[in-house]
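In what follows, a structure is listed as C-alpha cells, so that the remarks can point back to it.
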Amino acid sequence: QVQLEESGGGLVQAGGSLRLSCAASGLTFSGYAMGWFRQAPGKEREFVAGISRSAGTILYADSVKGRFAISRDNAKNTIYLRMNNLKPEDTAVYYCAADGGVRPPSSAAVYDYWGQGTQVTVSS
C-alpha cells in the first residue's frame, strides 16, 4: 500500500519560512518523479514544484520561483519543499504526489499517488 505523508505545515507571518516534508512508503521511491501541489479554498489544485527521479530535472511554478526549493533524499524516501519569503497568497493545503514517469508532470491529473495534505497559512 502506497502512502505519502506530508508534514511541516503551520502558521507563519509574511516573509517567514517553512520546510515541508513528504515521506513515502510502499513504492520504489527512486523510480518516481515527485511533485508538490497546493489548493486554496475555492480554487483548483495547482502545481508548485516537481523533481525527477534523480533530481536532474526540477520545475517550479512562476509564482514560487526564487522563493521555494524542492529537493529529495532517495535514501530516506522523502522529498522536501523549502519555502522562503512566504506571502499571504501562498496560503493553501499543500500536497505531495508521485508519478511513475521520469520527468515531473505539472498536471495533477497525471500523478498516481497523493498524500493527505498539510495546511500552510501565511498571515499578513
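These numbers come from the heavy atoms of this one structure, side chains and all, not from hydrogens, waters or symmetry mates.
Proximity of Lys76 to Ser21: side-chain heavy atoms (C-beta onward) are nowhere separated by under 4.5 Å. Proximity of Arg45 to Trp114: side-chain heavy atoms (C-beta onward) are separated by under 4.5 Å at one or more points. Side-chain contact between Tyr80 and Asp73 is present, with heavy atoms from C-beta onward closer than 4.5 Å. The closest side-chain heavy-atom distance from Met34 to Leu4 is below 4.5 Å. A heavy-atom distance below 4.5 Å is found between the side chains of Glu46 and Arg38. With contacts defined as side-chain heavy-atom distances shorter than 4.5 Å, the pair Pro104/Asp99 does not qualify. Side-chain atoms of Tyr60 and Ile70, non-hydrogen and from C-beta on, do get closer than 4.5 Å to each other.
Under 3.5 Å, the side chains of Gln119 and Thr121 contain a donor-acceptor pair of N or O atoms.
Under the 4.0 Å criterion applied to side-chain N and carboxylate O atoms, Asp90 and Lys87 are not assigned as salt-bridge partners.
For the atom pair Ser25 OG and Gln1 CD, the distance stands at 8.0 Å (nearest 0.5 Å). Annotation: the span from Thr118 atom OG1 to Leu81 atom CG amounts to 11.0 Å, rounded to 0.5 Å. The distance from atom CG of Asn77 to atom OG of Ser30, rounded to the nearest 0.5 Å, is 8.0 Å.
Panel note: side chain Glu6, backbone Leu20; no donor-acceptor pair is recorded below 3.5 Å. Formation of a donor-acceptor pair under 3.5 Å by the Arg53 side chain with backbone atoms of Gly31 is found in this model. Looking at Arg103, its side chain never comes within 3.5 Å of a backbone N or O of Gly50 through a donor-acceptor pair.
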Review point. Can Val2 and Asp112 be said to form a side chain to side chain contact (heavy atoms under 4.5 Å, CB included), step by step?
Key: CA-CA 10 Å; Val2 176; Asp112 301 311; over 6 Å; no
Point to revise | Steps toward side chain to side chain contact (heavy atoms under 4.5 Å, CB included) verdict (Ser106, Leu59) | key: CA-CA 8 Å; Ser106 59; Leu59 304 174; 5.7 Å; no
Exercise for review: Could you check Phe29 against Thr78 for side chain to side chain contact (heavy atoms under 4.5 Å, CB included), going step by step and ending with a plain yes or no?
Suggested key: CA-CA 8 Å; Phe29 183 72; Thr78 301; 5.6 Å; no
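Remark: Glu89 CD is packed, more than 12 non-hydrogen atoms of other residues, nucleotides or ligands lying under 6.0 Å away. By the 6.0 Å contact criterion, CD on Gln116 is open, its count of non-hydrogen atoms from other residues, nucleotides or ligands being 12 or less.
Connection of Val120 to Val64 is established within a shared hydrophobic cluster, with ILVMFWY side chains joined at heavy-atom distances below 4.5 Å, either directly or through further cluster members. By the criterion of side-chain heavy atoms lying less than 4.5 angstrom apart, applied directly or through intervening Ile, Leu, Val, Met, Phe, Trp or Tyr residues, Ile79 is grouped together with Tyr113 in one hydrophobic cluster.
The aromatic rings of Tyr94 and Phe68 are tilted relative to each other, their planes meeting at an angle between 30° and 60°.
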